[in-house]
Amino acid sequence: MPPVDEFVSAVLGLYRSEGRSFPWRETRDPWRILVSEFMLQQTQTVRVLPKYLDWFVQFPDVQALADASLADVYAAWKGLGYNSRALRLRDSARIISNDLAGTVPDNETALLALPGIGPYTARAVLAFAYNKPGIVLETNIRSAYIFHFFPQAAKVSDRELLPLAQAAMHQALAGGCTVRDWYYALMDYGVFLKKHETNPTRRSAAYTRQSRFEGSLRQARGALLRALESQRSAPLSEIAQHTGLSEPADYHRLQKAAEALVAEGLLCYDQDRLRFVD
DNA sequence: ATCCAGAGAA
DNA sequence: TTCTCTGGAT
């Protein structure tokens, strides 16, 4: 059997026996799939699961999120991390609601024009919501290709994976698999490999290590945002006391964090008091 | 300690 | 191309 055929049957074989089930795989509502993809950007499925279910209780549809205040959106997002994603998701909801008649785009160009949607998310939405073929590459899928086709290589670029990804998808679709199922299967295969092998993603050119959290700027960001949840608004000096970041070096980090959050449009100043923008 | 269904700005 | 953004499960 040709290598690509072997790969495809291994991936689909595992999918039949150990394929995972998630709520965002049960729906075909493009908006719900879009929301799941925002939440899943650099965030594990186990952490997204409860948040995803709660989300639609609070924001049932695009319009509900478009109308929501940023304070409410951030509160619902709490625990997912990368809070700028929450802001971009709401802004995308506003554009979809105001300019696109409430419909999630079904082409790559229009998807990429939305804030918070890059190459991965655009193609994932096309695949999962609209069953449209395209090359989807993320960490689990890279693992699958690298483990199978580059067992010895130290650094594998996406460019090297592309022709294999094309051939494998073509082969899977020719065998009657849907685009949607092919990519679910690929992700599940990658997750399976990581449980039984040394993470093949480490040999991807796209792999980067997480920098330390303790003493970092993002630690100060997190502390600042948590403080503003309970305070609503407060001067930075008060937040410093509240978070225990009042030593000169810590206070400096807090200032930098506030500066960045204001620049990102998440927070603003009311006189000298920090608060969420509306 | 590791790393996650990446995106956007510098 | 490189850097930064999160925090919780394992």
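Convention: sequence-line order gives letters A, B, ...; per-chain numbering from 1. The figures that follow rest on heavy atoms only: side chains count, while hydrogens, waters and symmetry mates do not.
Using a 4.0 Å heavy-atom criterion, one finds that A:Gly118 contacts the sugar-phosphate atoms exclusively. Using a 4.0 Å heavy-atom cutoff across all strands shown, A:Thr208 reaches no nucleic acid atom at all. Across all strands shown, A:Thr121 has heavy atoms under 4.0 Å from sugar-phosphate atoms exclusively, and none from any base. Nucleic acid contact class of A:Arg25 (heavy atoms, under 4.0 Å, all strands): base. Contacts of A:Lys194 with the nucleic acid, taken as non-hydrogen atoms under 4.0 Å apart, involve only primed sugar atoms and P, OP1 or OP2. Within 4.0 Å of A:Tyr207, counting heavy atoms only, lie sugar-phosphate atoms of the nucleic acid but no base atom. A:Arg202 comes within 4.0 angstrom of the backbone, heavy atoms only, and of no base. Within the 4.0 angstrom heavy-atom criterion, base atoms lie near A:Gln44.
Scored by the side chain to side chain contact (heavy atoms under 4.5 Å, CB included) test, A:Phe56 finds A:Trp31, A:Arg32, A:Val35, A:Tyr52 as partners (sequence neighbours excluded). The salt bridge (Lys or Arg N to Asp or Glu O under 4.0 Å) search around A:Arg25 returns A:Asp188, not counting sequence neighbours. A search for side chain to side chain contact (heavy atoms under 4.5 Å, CB included) contacts involving A:Pro115 returns A:Arg88, A:Asp91, A:Ser92, A:Ile95, not counting sequence neighbours. In this structure, the side chain to side chain contact (heavy atoms under 4.5 Å, CB included) partners of A:Ala172, at least two apart in sequence or on a different chain, are A:Val8, A:Cys177, A:Trp182. For A:Tyr74, the side-chain hydrogen bond (donor to acceptor under 3.5 Å, both in side chains) criterion is met by no residue, not counting sequence neighbours. Legend: residues meeting side-chain hydrogen bond (donor to acceptor under 3.5 Å, both in side chains) with A:Ser69, ordered by chain and number and at least two apart, are A:Asp72. Residues passing the side-chain hydrogen bond (donor to acceptor under 3.5 Å, both in side chains) test with A:Arg85, sequence neighbours excluded: A:Thr43. Partners of A:Arg123 under the salt bridge (Lys or Arg N to Asp or Glu O under 4.0 Å) rule, at least two apart in sequence or in another chain, are A:Glu108.
Mapping A:Trp24 and A:Arg209 onto DNA chain B via the closest heavy atom, the residue that lands nearer the 5' end is A:Arg209. Position along DNA chain B of the nearest nucleotide to A:Ser143 versus A:Ala122 favours A:Ser143 as the more 5'-ward residue.
Regarding A:Gln42, its CD atom lies at a distance of 12 Å from the C1' atom of C:dT4, rounded to whole Å. A straight line from CZ of A:Arg212 to P of C:dC3 spans 18 Å, rounded to a whole angstrom. Remark: C1' of C:dT4 and NZ of A:Lys256 are 13 Å apart, rounded to the nearest angstrom.
One finds no salt bridge joining A:Asp99 and A:Arg94 here, because no Lys/Arg side-chain nitrogen approaches an Asp/Glu carboxylate oxygen to under 4.0 Å.
Taking the 5' to 3' direction, DNA chain B first and last meets chain A under 4.0 angstrom from a heavy atom at B:dT2 to B:dG8.
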**Request:** Kindly determine whether A:Val73 and A:Phe276 satisfy side-chain contact (heavy atoms from CB on, under 4.5 Å), including the steps that lead there.
**Result:** CA-CA 11 Å; A:Val73 172; A:Phe276 286 100; over 6 Å; no
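Looking at residues 213-220 of chain A, you'll see A:Phe213, A:Leu217, A:Arg218 sit with a heavy atom under 4.0 Å from some atom of DNA chain C.
Sequence neighbours left out, the pairs with a member in residues 234-263 of chain A that pass salt bridge (charged side-chain N to carboxylate O under 4.0 Å, His left out) are A:Asp250-A:Arg253.
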**Fill in**
With both pairing distances under 3.5 angstrom for Watson-Crick or G-U wobble, and | for a partner in another strand, the correct string for DNA chain B is ||||.|||||
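Annotation: C:dT4 and B:dA5 have their P atoms spaced 23 Å apart (nearest Å).
By the rule that hydrophobic residues join a cluster once side-chain heavy atoms approach within less than 4.5 Å of another member, A:Val4 and A:Val156 end up as members of one cluster.
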